[in-house]
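Structure record follows, encoded as structure tokens.
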Protein chains: 2
Amino acid sequence: MTDNDKQTEEKIFDAATDVFLDKGMDGARMQDIANHAGINKALLHYYYRTKDQLFDAVFQMIAKKMLKKFAPVFDENLTLEDKIRFFFREHITFLLENPRLPAFVLNEINRNPERVKKLLKNVDVESLWKKLYEQHKTELDKYNVSEKMLPQLMTSIAAMSVFPFAAKGLIEAILSKTSINFNDYIEERKQFAADFVINAITK
Amino acid sequence: MTDNDKQTEEKIFDAATDVFLDKGMDGARMQDIANHAGINKALLHYYYRTKDQLFDAVFQMIAKKMLKKFAPVFDENLTLEDKIRFFFREHITFLLENPRLPAFVLNEINRNPERVKKLLKNVDVESLWKKLYEQHKTELDKYNVSEKMLPQLMTSIAAMSVFPFAAKGLIEAILSKTSINFNDYIEERKQFAADFVINAITK
DNA sequence: CATACTTTTGACCATTCGGTTAAACTTGAT
DNA sequence: ATCAAGTTTAACCGAATGGTCAAAAGTATG
């Protein structure tokens with residue numbers, strides 16, 4: 001594989017990422033991706049046989065990128081409160097740089113739930129949660145979050161961070177009717193979400 | 001317009017709703033909709049000239065149905081706490097009966113933000129929020145939610161209710177790796193979300 | 001330079017898709 | 001029964017789409 005190969009494959013991958021993020025699997029056109037990459041359409045099929053293979057490569061990369069951002073929650077050595085503050089600060093900053101990711105990932109998973117299985121194949125959810133619970137047993141007890149409530153808490157935290165981006169179009173439209181601007185709203189959210197969640201679980 | 005007319009137009013609309021919810025605008029096929037409705041494809045174009053017109057009719061109906069469910073928040077005559085409990089109970093029950101709505105609406109808005117403008121044309125967001133704030137001034141003051149924090153609070157409430165459905169595919173995949181089942185998780189959420197939000201804003 | 005191998009291209013193909021047309025059918029009024 | 005209007009259908013159309021192919025261009029090796 002020469003250096004030029006990598007350049008081409010990377011150009012294709014980047015162009016595909018961009019177009020798929022914008023249009024989704026169904027709305028994306030191979031010709032459009034080829035144009036974005038500045039190459040011939042046949043060359044697309046030379047590197048990635050089918051649209052489905054190309055999409056899958058892009059989807060896996062993006063979905064992994066998103067899921068990876070939840071990792072610190074499970075291994076940072078912090079108090080629960082610090083962990084929550086750290087998470088929202090880092091995660092919302094990340095989403096601000098990649099605002100199209102949530103809508104894309106969630107939508108494509110709903111459209112084809114099989115895709116997510118490959119992603120979670122090697123993830124042991126049960127033990128991750130057990131680990132998290134043991135880590136913060138005393139704190140969670142002090143609040144009133146039982147182990148079987150962890151899924152509710154975790155999805156609530158995810159929701160607080162991800163939802164504003166998944167619903168970006170709607171929220172932007174609503175905010176545009178007020179004096180608030182989306183980026184300010186998001187900047188504010190890092191703090192608000194953390195306070196909100198911490199207060200929610202504090203007895 | 002005869003009785004049969006209405007039947008046909010309704011059959012088409014229902015079939016279109018079903019297919020669009022499943023596949024989205026880009027993934028849906030006119031032939032597929034015709035088959036679902038048990039009619040000829042040309043008849044589709046007889047009642048709705050183009051795919052775009054048909055989609056728009058369906059989208060407007062669904063989006064209105066969703067937005068309408070937020071209305072009680074602004075006019076029910078209840079304390080803030082009761083209002084929050086009432087909202088989550090009613091809203092999650094509604095989404096449980098229409099689980100594909102959130103992903104569909106949010107995605108199509110992101111895909112084409114123009115569509116939402118027609119929806120919000122006659123909605124005076126600013127005065128709705130002012131009204132809500134005046135209604136619960138004393139309570140919101142007692143907690144520490146200032147008027148300019150209302151957007152954060154409102155989107156958080158929406159997120160708590162809507163996100164589990166917008167991310168249904170992902171959450172189902174994760175829960176399937178534990179002993180929890182999605183419907184139980186959702187049932188539990190009516191209570192959890194209300195407690196969570198009320199506690200979050202309680203000083 | 002010659003050979004073998006990989007990369008890139010333009011032309012092409014089969015199928016699918018949204019949409020049209022003209023004719024057949026139904027219905028309701030006279 | 002006849003006629004006019006609306007309704008439904010089968011057949012068809014042009015454009016777009018994912019994908020292929022054979023040849024050309026480029027590159028490394030002897």
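Chain A is the first sequence line, chain B the second, and so forth, proteins listed ahead of strands; every chain is numbered from 1.
A straight line from CE of A:Met25 to C1' of D:dG18 spans 10 Å, rounded to a whole angstrom. Remark: C1' of C:dT16 and CG of B:Asp32 are 13 Å apart, rounded to the nearest angstrom. B:Gln31 has its CD atom 17 Å from the C1' atom of D:dA16, to the nearest Å. Protein atom NE2 of A:His45 is 14 Å distant from nucleotide atom C1' of C:dT9, rounded to whole Å. A straight line from CE of A:Met30 to C1' of D:dG19 spans 8 Å, rounded to a whole angstrom. When the P atom of C:dT7 is taken as reference, atom CG of A:Leu44 falls 15 Å away, rounded to whole Å. Here C:dG18 presents its P atom at 13 Å from CZ of B:Phe55, a figure rounded to the nearest Å. A:Tyr46 places its OH atom 18 Å from the P atom of D:dA24, with the value rounded to the nearest Å.
Among pairs with a residue in residues 67-78 of chain B, none fulfils side-chain hydrogen bond (donor to acceptor under 3.5 Å, both in side chains), at least two apart in sequence or across chains. For residues 191-202 of chain A, the pairs satisfying salt bridge (Lys or Arg N to Asp or Glu O under 4.0 Å) are A:Arg85-A:Asp195, with sequence neighbours left out.
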Could you list all N or O pairs between the protein and nucleotides 10-13 of chain C that sit under 3.5 Å apart?
{"unit_1": "C:dG10", "atom_1": "OP2", "unit_2": "A:Asn40", "atom_2": "ND2", "d": "3.2"}
{"unit_1": "C:dG10", "atom_1": "N7", "unit_2": "A:Asn40", "atom_2": "ND2", "d": "3.1"}

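Between the side chains of A:Arg189 and A:Ser161, no donor-acceptor pair of N or O atoms lies under 3.5 Å. Counted by atom type alone, A:His136 and A:Lys83 present one or more donor-acceptor pairs between their side chains at under 3.5 Å.
Checking the phosphate oxygens (OP1, OP2) of D:dG19, no side-chain nitrogen or oxygen of A:Arg49 falls inside 4.0 Å. Put simply, A:Tyr47 has a side-chain N or O that comes within less than 4.0 Å of OP1 or OP2 on C:dT8. In terms of phosphate contacts, B:Thr8 brings a side-chain nitrogen or oxygen within less than 4.0 Å of OP1 or OP2 of D:dT8.
When heavy atoms are screened at a 4.0 angstrom cut-off, A:Ala28 is found touching the sugar-phosphate backbone but no base atom.
A salt bridge links B:Lys117 with B:Glu114: the closest approach of a Lys/Arg side-chain nitrogen to an acidic carboxylate oxygen falls below 4.0 angstrom. Checked for salt-bridge contact, A:Asp32 and A:Lys23 meet the test: a charged N lies under 4.0 Å from a carboxylate O.
The backbone N or O of B:Ala193 lies less than 3.5 Å from no partner atom in the side chain of A:Gln152, so there is not a single donor-acceptor pair.
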